[in-house]
Amino acid sequence: MSLIIRRARPDEAGLVLSLVRELADYEKLLHEVEATEATIGAALFGDNPRLFCDIAEWNGEVAGFAVWFINFSTFSGRSGIYLEDLFVRPAQRGNGIGKALLSHLAKQCVANGWSRLQWSVLDWNTPSIEFYKSLGAQLMEEWTVCRLGGPALTALAQGTR
């Protein structure tokens, strides 16, 4: 059994979008996916990309991915990684692929002198929460994620809110 983790290639924007859609379906959020192959491709492979994707292959077959970007902690004064999406296809779960993807990102943090690897998890996703805890992840229960989007974002930008 072999596992390879590699950076997504420019001709794989469609594959990345497919994995995003599989994750959204698992999270019961498929109706929220607005991304297209073109927007994913531009974000990952355009001039000065700010989004990155690592693909996990299990025995030569795409098994999952990690989509991430560099963030910054003013408290530590250093950058880190924010993991936007981590997904392993159901048929390949239990092979250590999720842990390998997280380890791969942790190594990048350490190698670059970055202070943290951070992500969010849905509160109903007990298997993932338990998995993250087993790796030593700290759940930041005192923090609440905030998001502005759609009409509320537009209203605030226009000063009408």
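Excluded from the calculations below are hydrogen atoms, water molecules and symmetry mates; all remaining heavy atoms, backbone and side chain alike, are included.
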Other residues, nucleotides, ligands: >12 heavy atoms within 6.0 Å of Arg161 CZ: no

In one Ile/Leu/Val/Met/Phe/Trp/Tyr side-chain cluster, 4.5 Å: Tyr82, Ile70: no

Donor-acceptor under 3.5 Å (Ser115 side chain, Gly80 main chain): no

Heavy-atom side-chain contact between Leu29 and His31 under 4.5 Å: yes

Check: Asp85 side chain, Ala66 main-chain N or O, donor-acceptor pair, under 3.5 Å: no

Beyond-backbone contact of Gln118 with Met140, side-chain heavy atoms, under 4.5 angstrom: no

Phe69 backbone acceptor or donor facing Arg50 side chain under 3.5 Å: no

Side-chain touch Glu12/Phe65, heavy atoms, less than 4.5 angstrom: no

More than 12 heavy atoms of other groups within 6.0 Å of Arg21 CZ: no

Asn95 side chain vs Gln92 backbone, donor-acceptor pair below 3.5 Å: yes

Flag side-chain contact, heavy atom, 4.5 Å: Trp58 against Arg89: no

CH2/Trp143: more than 12 non-hydrogen atoms of other groups inside 6.0 Å: no

Sidechain-backbone polar pair: Ser134 side chain, Phe131 backbone, donor-acceptor under 3.5 Å: yes

Joint cluster assignment, Val62 & Ile5, ILVMFWY side-chain distance < 4.5 Å: no

pair Leu156-Leu148: side-chain heavy atoms closer than 4.5 Å: yes

Note, Ser73 side chain near Trp114 side chain (heavy atom, < 4.5 Å): no

Flag if over 12 foreign heavy atoms under 6.0 Å of CD, Glu34: no

Residues, nucleotides or ligands: over 12 heavy atoms within 6.0 Å of Arg7 CZ: yes

Gap separating the CD atom of Glu27 from the CG atom of Leu23, nearest 0.5 angstrom: 4.0 Å

Single-linkage hydrophobic cluster Leu51~Trp119, side-chain heavy atoms < 4.5 angstrom: no

Aromatic ring pairing Tyr26/Phe87, orientation class (parallel under 30°, perpendicular over 60°, tilted between): tilted

Joint cluster assignment, Ile40 & Leu19, ILVMFWY side-chain distance < 4.5 Å: yes

ILVMFWY cluster, Ile97 and Leu105 together (side-chain gap under 4.5 Å): yes

Gap separating the CD atom of Glu61 from the CD1 atom of Ile4, nearest 0.5 angstrom: 13.0 Å

